S.K.: 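Can you read through this structure? Questions will come right after.
In what follows, chains carry the letters A, B, and so on, assigned in the order in which the sequence lines appear, proteins first and then strands, with residues in each chain numbered from 1. All values derive from a computational prediction rather than experimental measurement.
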Amino acid sequence: MTRARKIYFLAIAAICIFGVYGSLYLQNLYLLRVAILAVITAILALSVDILVGYTGQISLGQAGFFGIGAYVMGILNTNFHLPFWISLVFAILFTGFVGFVLGLPTTKLKGHFLGIATMGFGVIVNGVLNNWTSVTGGPNGIRGIETPYFFSISLEYGNYFLGFALASLFVVILLIFLIVHSPIGRAWRCLRQDEITAYVAGINVYKYKLIAFMLSGGIAGYAGSLFAGYMTFISPETFDLNQSISLITTVIMGGSGTLLGPLLGTAILSFVNEWLRNFSELRLVIYGFILVTMITLLPEGIYPFFKRKILFFFTSKKKKRSIETEGSNGKDVVNE
Amino acid sequence: MFSQMVVNGLANGALYALIALGLTLIYGVMNLSNFAQGEFAMVGAFAAYFLKQLHMGYLLTVILSFAVAGVVGLICYFLAFYPLRRSNPLNMMLSSMGVSIFLVNLSQYIFSPTPKVVETPFSDQSIQILGVYLSEQRLLIVIVSLVLCGLTYWVLERSKFGRSVRAASIDPDTAMLYGIPTNKISMITFVVGVALTGIAGALTAPIYNVFPTMGISLTLKAFVVVVLGGMGNIVGAILGGFIIGLIESFSAGYISTGFQDAIVFTILFLVLIFRPQGILSKVRGEKV
Amino acid sequence: MERMSLMNKVIMSASNISVRFGGLWAVKDVNMEVETNQVHGVMGPNGAGKSTFLNVLSGLQQPSNGYLKISNQKIVKGKPWKMTELGLSRSFQTVRLLPEMSVLENVLVGGHLYASKNPLNILLRTKKYRNTEKVLTEKACDLLRMMGIEAKADQKITGLSLQERRRVEIARSLMTEPRILLLDEPCAGLNPHETDKIAQMILTIKSRGISVILVEHNVRMILSISDKILVLDHGRKIAEGSPTDITKDEGVIKAYLGGAAHA
Amino acid sequence: MLEIKNLVSGYGDIVVLHQLSLHVNQGEIVGILGANGVGKTTLLKTISGLLKTREGTITYSEREIQNISPYKELGLGIAHVPQGRHIFSKMTVLENLQISLDNARKKLNEKQRLEYVLSLFPELKDRLNQAGGTLSGGEQQMLAISRALIADPTLILLDEPSMGLAPIVVQNVFQAIKRISDSGTTILLVEQNAVAALDIVKRLYVMDMGRIVYESQQIDEKELEKIKEVYLGMDVS
C-alpha cells in the first residue's frame with residue numbers, strides 16, 4: 001500500500017468514527033429519523049449499484065429483496081420469537097438465496113428483458129406480501145417487531161440506531177470495496193463492458209452475474225431487516241415498484257459503478273425529498289421533473305460528471321485532449 | 001361462468017392489445033421501454049372526464065382524448081426523450097419513469113386522488129349473447145380497439161409512412177441512407193403510440209373510473225403483453241393482449257383477484273425463460 | 001509456458017464444422033488440425049466465412065454440424081469460457097479491450113483463471129491472496145514488457161494507438177497461458193513496419209511452445225511465417241498445405257484476386 | 001461532380017481517414033481498391049453523412065455536403081449501397097424498392113422504374129413478394145443495388161458489391177454495374193476484388209492506411225500487376 005493510500009484510508013476511517021460518534025449527539029428528532037432512513041436507503045442504493053454499476057445488470061425489483069429481508073425479520077421475530085440478531089442472519093441468507101434463484105433464469109437475459117423480468121420479480125413479491133395474509137398479515141403488515149439491543153445498549157434510542165446503521169453502512173462499503181478491487185470485481189467490470197471479452201478471458205459470465213445477484217440480494221435483505229428493526233412495523237406498500245424505481249434512479253443519478261455515486265445520490269435525493277415537503281402536494285411532481293432533467297442533462301451521473309470536471313480543471317493542457325475524447329464516450333455523431 | 005370469463009377476458013384483452021400496440025411500436029422504433037405508457041391512458045381518461053364535464057358527447061370525447069394524449073406525448077418527447085436519443089436505453093427507460101412520476105402526481109395535484117366517474121351512454125345496458133352478458137361499453141371497447149389495431153396494422157403494412165416506420169425500426173442507419181428521417185419517424189411513432197393509449201384510457205374510464213394511479217398497472221400489463229408477443233412485434237402484441245386478458249380473467253375467477261398480477265408476472269417469467277423471443281417470433285441466431 | 005513438446009502432434013482438431021445462418025451456409029464441412037509448434041494460417045477473401053469459422057473455434061458460435069477436439073477432449077456444447085480453460089485464447093479483428101480500465105488491468109483480466117477467487121481470501125486479504133495478485137501483476141508486467149508497452153501500463157486504453165491496442169490484446173491472451181493462440185487479423189490497419197514487428201512477435205510466441213492460428217489479409221505476411229495454411233472461400237475449404245503449395249494453387253489465386261474475369 | 005478535399009474522419013478516438021482527397025467526374029465509374037481495413041467503407045460512410053466529417057470538404061454538384069444529414073442525400077441524387085447489403089430483411093423485395101422510390105429526388109413512375117430495374121436484374125422478378133431476408137447472398141446484393149438505382153440517382157456509392165458472392169454471381173453483378181454506368185449514372189465503386197473491378201472501372205485509386213497511395217488514369221494489364229504489388233503484396237505470376 002502506498003503512503004498516499006494509507007493516508008486516504010486513515011482519513012476515511014476517521015470520517016467513519018467521527019460519523020458514528022457524532023450521530024450520538026444529533027438532538028433534532030426529525031433530522032434523526034431522516035438520517036436513519038437515508039442511511040438505510042444508502043445501503044440499498046449500494047446493493048443496486050452492485051448490479052447496475054459494477055455488473056451492468058438492470059434491477060427494477062430491488063424493493064423485492066428489501067421487502068423479503070424486512071418480512072423474514074418480521075415473521076421470525078414476531079411469530080417465532082427469534083431474537084433480532086438471529087433473524088438478521090436468516091434474513092441475509094434467505095435474500096441471498098432468493099437472489100441466487102432469481103439469478104438462475106435472469107442472468108441469461110439482457111437489457112429491456114432483464115429490466116422487465118426484475119420488475120416482475122418485484123411485483124410478484126409485492127403481490128405475495130399483500131395477499132398471503134396468513135403469513136404476512138396482508139395489507140395490514142406486521143407489528144411489534146423488536147428493536148435490537150446491541151450488547152446492553154438499546155437501539156430504541158434514535159441516536160444509537162443511527163450509529164448502528166452508519167456502522168452497517170461502513171461495513172457494507174468496505175465489503176463492496178474489497179470485492180470490487182479483487183478478481184471478482186475485475187470479472188464484473190469486464191463482463192459489464194464486454195461479455196465477449198469476458199468469455200475469452202475464461203470468465204464464467206453467468207456464475208459471476210449470479211454472485212452479483214446473491215450479494216446484491218443479501219445486502220438489500222440486510223437493509224430490509226434494519227428497516228424492520230427501526231420501524232417495528234412493516235407493510236407491503238413500502239416495498240413496491242416505486243421504491244425500486246426510486247432506488248435505481250438514485251444510483252444512476254449519483255453515478256453508477258462508483259462507491260461515492262450512490263451515496264451522493266442518496267444524500268441529494270433525501271435532501272430534495274425533505275426540501276420538497278415545503279411544496280406539499282406538488283412534491284412528487286417536482287421530483288419527477290428533477291429526475292427527467294437530471295437524466296437528460298447529466299446522463300453519466302452527478303459524481304462522475306463533477307469528478308471529470310474537477311480532474312479536467314487540474315490537468316495540464318496536453319492531457320486535456322485525451323480526457324476530452326474519453327468524455328465523448330467514443331460515440332460517432334451522425335450529421336443531423 | 002366459464003364463457004362469461006372468456007368474454008370478460010377478451011374485452012379486457014382488447015384494451016391491453018391497444019396499449020401494448022403503442023408500447024411495442026415505440027420500442028421497435030426508438031428502442032425505448034416506455035414506463036410512462038400507462039400514464040398516457042390516464043391522461044386520455046382524464047381528458048374524457050374533463051370534456052364530459054363540458055357536456056360533450058362521449059364519442060367525441062373519446063376522439064379528442066387521442067389528441068390530448070398526443071399533445072402531452074409530444075411535449076414529453078421533446079423534454080424527456082429527444083435529448084437522450086443517442087444515450088443508452090437504460091437512461092431512456094429511467095427518463096420515462098421520471099415522466100411517469102411527474103404525470104401521476106401532477107394529475108393527483110390537479111384532480112385529487114379520488115376516482116372520478118365518467119358517464120357513458122352505453123354503460124348500464126348490457127346485451128345477452130348465447131347466455132353471456134356483455135355490457136355495451138365493453139362491446140364498444142372491443143370494437144374500437146380492434147378497429148384501431150387493424151387500422152394501425154394497415155397503415156404500417158400498406159402505406160408509404162408505414163413502410164418508413166418499419167424500415168427505420170429494422171435498420172435505422174440504412175433507412176437514413178434511403179431518405180427516411182429516422183428522428184422525425186421516431187417522434188411521430190411516439191406521439192401516435194401514446195395517443196392510441198390515450199384512447200384506451202378514455203374507453204376504460206366508464207368501467208374502472210378515472211384516477212391518477214390507474215396507469216401503473218396498465219403499464220405493467222402492457223409490458224407483459226409485449227414480451228409475450230415478442231418485443232417490436234405488432235401481431236404479437238395484439239394476440240398477447242387477448243392471451244393476458246384471458247389469463248387474468250381465469251385467475252381472477254378460479255384463484256383470487258389479489259394474486260392476479262403475481263400470476264400474470266409468473267407467466268411472464270416462464271415466457272422469458274423458455275421463449276425470450278416471444279411466442280410468435282422464430283429463434284434467431286446470435287451473431288458475434 | 002514451459003510446455004515444450006518434443007515432436008509435433010495434433011492438439012486441436014475441428015471436424016466437419018458447418019454453420020448455417022438462415023438459409024445460407026456461412027461455413028460448410030471444414031476440417032482442420034492444429035499441431036504443436038506450428039503457425040497455422042487461415043486465408044480467404046472477404047466474406048469467405050473466416051470470422052464465423054474462428055468464432056466456432058473459439059466457442060463463440062455453436063456449429064450447426066461438426067465438433068471440436070482439444071487435447072483429445074471432445075467439446076460437445078462449448079461454453080465460450082470453457083475454450084479458454086482448455087487452453088485456447090484469441091484476439092479480435094476489431095480489438096476488444098475494456099475502455100474503462102488501464103492497460104495493466106486489461107491484461108490482468110486475462111489472468112482470471114489463475115487468480116485467487118475464494119471470498120474469504122478476498123475479504124481478509126490473506127497472504128495467499130496478496131501473493132497470487134502480486135505474481136499475476138508481475139506476470140502481466142512481464143508480458144507488457146515482452147510486447148514493448150510496459151511504459152503505458154497505467155494509461156487508459158483510449159490513449160493508445162491501434163498497434164499498441166493490438167499488443168495489449170495479445171498480452172491479455174497470453175495471460176491465459178494458452179496452448180493455442182488464435183489471432184484474428186493482427187495486422188489489419190497497421191503499416192508494413194508495424195506488420196513486420198507483429199510477425200516477429202508471432203514467431204517469438206511460437207518459440208515459446210504455443211501454437212498459433214493466424215488469420216490475416218496481408219498475404220505476404222501470412223505466407224512468410226505460416227507452417228501450414230488453410231484457404232477458405234464461400235465457407236468451404238479450397239486448399240490446405242504449405243505456403244509454397246498455396247501460392248501455386250490455381251483455385252486460391254482465383255479466389256483471391258476474383259474470378260469474375262480472366263486471371 | 002464529386003470532389004473530396006483533405007477529408008479527415010474516423011470512429012471515436014481512432015482517426016481512419018487522413019487528409020484524403022479524390023474526385024469523380026460526371027458519368028465516370030471510379031474504383032477505389034484496397035485491402036481490408038484501409039478505410040474504404042469509412043470513406044463512403046463519411047460521404048453519405050453517416051459519419052461526421054472532422055476536417056475537409058465534400059463538394060457535390062458545386063455544393064458542400066459534408067454537414068448534410070444522411071437522409072437528405074438521396075434527395076440530392078446520391079444513393080449509397082452499404083457494405084453487407086443491409087436490405088430491410090423483414091420487408092418484401094418490392095417494399096425495399098418502394099422505400100427508395102418514396103424518397104427519390106423527383107416523383108418517378110413506379111411501374112417504369114421497376115421495369116427498368118428488373119430488366120437489369122431479372123432474378124428479382126419472381127421474388128418481389130418474398131421477404132428480403134430469404135434471398136440468397138447474390139440476390140440480396142442485386143436487391144441492394146436495385147434499391148439504389150430505382151430512385152434514379154446521379155451518383156451511386158457502391159461498397160464491396162462482390163463480398164461473399166460466388167465468382168459467377170460477381171460476374172453478373174459487375175456486368176449490371178457496367179450497364180448502369182453506360183446509361184449515364186456516375187458510380188464510385190469501393191472494392192477489394194481487384195480483377196472484377198478492373199474490368200469495369202474507367203479510373204482508379206488505391207487506398208492504404210486511410211490515404212490514397214496510388215492513382216491511375218488508364219486500366220490495362222500492367223496496372224493489374226502494380227495493384228497486386230501495392231495492396232496484396234503478393235507475387236502471383
S.K.: Step through the shown structure and confirm whether more than 12 heavy atoms of other residues, nucleotides or ligands are within 6.0 Å of NZ on B/K116.
M.R.: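 More than 12 heavy atoms, drawn from other residues, nucleotides or ligands, come within 6.0 Å of this atom.
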
S.K.: Considering only heavy atoms and a distance below 4.5 Å, find which of A/G120, A/G127, A/G115 pairs most often with chain B.
M.R.: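 Greatest number of close heavy-atom pairs with chain B: A/G120.
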
S.K.: Flag the one option from A/I245, A/L282, A/I290 with the top tally of heavy-atom pairs under 4.5 Å to chain B.
M.R.: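 Maximum pair count with chain B is reached by A/L282.
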
S.K.: Please classify the contact of A/L291 with chain B as side chain, backbone, both or neither, using a heavy-atom distance under 4.5 Å.
M.R.: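 Side chain of A/L291 only, per the 4.5 Å heavy-atom cut-off to chain B.
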
S.K.: If we define contacts as heavy-atom pairs under 4.5 Å, which of A/T249, A/L109, A/I58 has the most with chain B?
M.R.: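 Highest number of heavy-atom pairs under 4.5 Å: A/L109.
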
S.K.: Mind listing the closest non-hydrogen atom pair of A/P299 and B/L84 along with its distance?
M.R.: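 Nearest heavy atoms, A/P299 then B/L84: CB-CD2, 4.2 Å.
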
S.K.: Any chance CZ of B/F78 has more than 12 other-residue heavy atoms, nucleotides or ligands included, within less than 6.0 Å?
M.R.: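 Yes.
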
S.K.: Contact part of A/L60 toward chain B, heavy-atom cut-off under 4.5 Å: side chain, backbone, both or neither?
M.R.: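 Side chain of A/L60 only, per the 4.5 Å heavy-atom cut-off to chain B.
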
S.K.: Sort out for me which of B/F35, B/Y109, B/F223 touches chain A most, counting heavy-atom pairs under 4.5 Å.
M.R.: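 Counting heavy-atom pairs under 4.5 Å, the top option is B/Y109.
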
S.K.: Look at B/N31, B/L32, B/V226 and state which one has the largest set of heavy-atom pairs under 4.5 Å with chain A.
M.R.: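 Heavy-atom pair counts peak at B/N31.
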
S.K.: What is the ring orientation for B/F102 with A/F289, classed by angle as parallel under 30°, tilted 30 to 60°, or perpendicular over 60°?
M.R.: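 B/F102 vs A/F289 ring planes: tilted.
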
S.K.: Answer with side chain, backbone, both or neither: which region of B/L268 has an atom nearer than 4.5 Å to a non-hydrogen atom of chain A?
M.R.: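 The side chain, not the backbone.
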
S.K.: Measure distances from A/S246 to the heavy atoms of chain B and classify the residue's part below 4.5 Å as side chain, backbone, both or neither.
M.R.: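 For A/S246, no heavy atom lies under 4.5 Å from chain B.
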
S.K.: Do you know the tightest heavy-atom contact between B/V227 and A/I116?
M.R.: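 Minimum heavy-atom separation between B/V227 and A/I116: CG2-CD1, 3.8 Å.
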
S.K.: So which of A/V52, A/V285, A/L241, A/V125 has the biggest tally of heavy-atom pairs under 4.5 Å with chain B?
M.R.: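 So the answer, after comparing A/V52, A/V285, A/L241, A/V125, is A/V285.
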
S.K.: Could you look at A/L102 and say if it's the side chain, the backbone, both or neither that has a heavy atom under 4.5 Å from chain B?
M.R.: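 Interface part for A/L102: side chain.
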
S.K.: Hey, is CZ on A/F94 packed in by over 12 heavy atoms from elsewhere, all under 6.0 Å?
M.R.: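 No.
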
S.K.: Surrounding CD of A/E237 (heavy atoms of other residues, nucleotides or ligands, distance under 6.0 Å), is the total greater than 12?
M.R.: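 Check fails, neighbour count at 12 or below.
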
S.K.: Below 4.5 Å from any heavy atom of chain A, which atoms of B/L106 appear? Answer side chain, backbone, both or neither.
M.R.: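 Its backbone and side chain both get close to chain A.
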
S.K.: Which pair of non-hydrogen atoms, one from A/I252 and one from B/N91, has the smallest distance, and what is that distance?
M.R.: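 It is CG2-OD1, 3.6 Å.
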
S.K.: Tell me, for B/V99 versus chain A, whether the close heavy atoms (under 4.5 Å) come from the side chain, the backbone, both or neither.
M.R.: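 B/V99 touches chain A through backbone and side-chain heavy atoms alike.
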
S.K.: Assess whether atom CZ of B/F111 is packed by more than 12 heavy atoms of other residues, nucleotides or ligands within 6.0 Å.
M.R.: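 More than 12 heavy atoms, drawn from other residues, nucleotides or ligands, come within 6.0 Å of this atom.
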
S.K.: Give me the atom names and distance for the closest heavy-atom approach of B/A80 to A/T296.
M.R.: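 Looks like O-CG2, 3.6 Å.
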
S.K.: Looking at A/I124, A/L297, A/N130, A/N126, which one has more heavy-atom pairs under 4.5 Å with chain B than the rest?
M.R.: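 Of the candidates given, the most pairs with chain B belong to A/I124.
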
S.K.: Are more than 12 heavy atoms, taken from residues, nucleotides or ligands other than B/F269, located less than 6.0 Å from that residue's CZ atom?
M.R.: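 Counting other residues, nucleotides and ligands, CZ of B/F269 exceeds 12 neighbours.
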
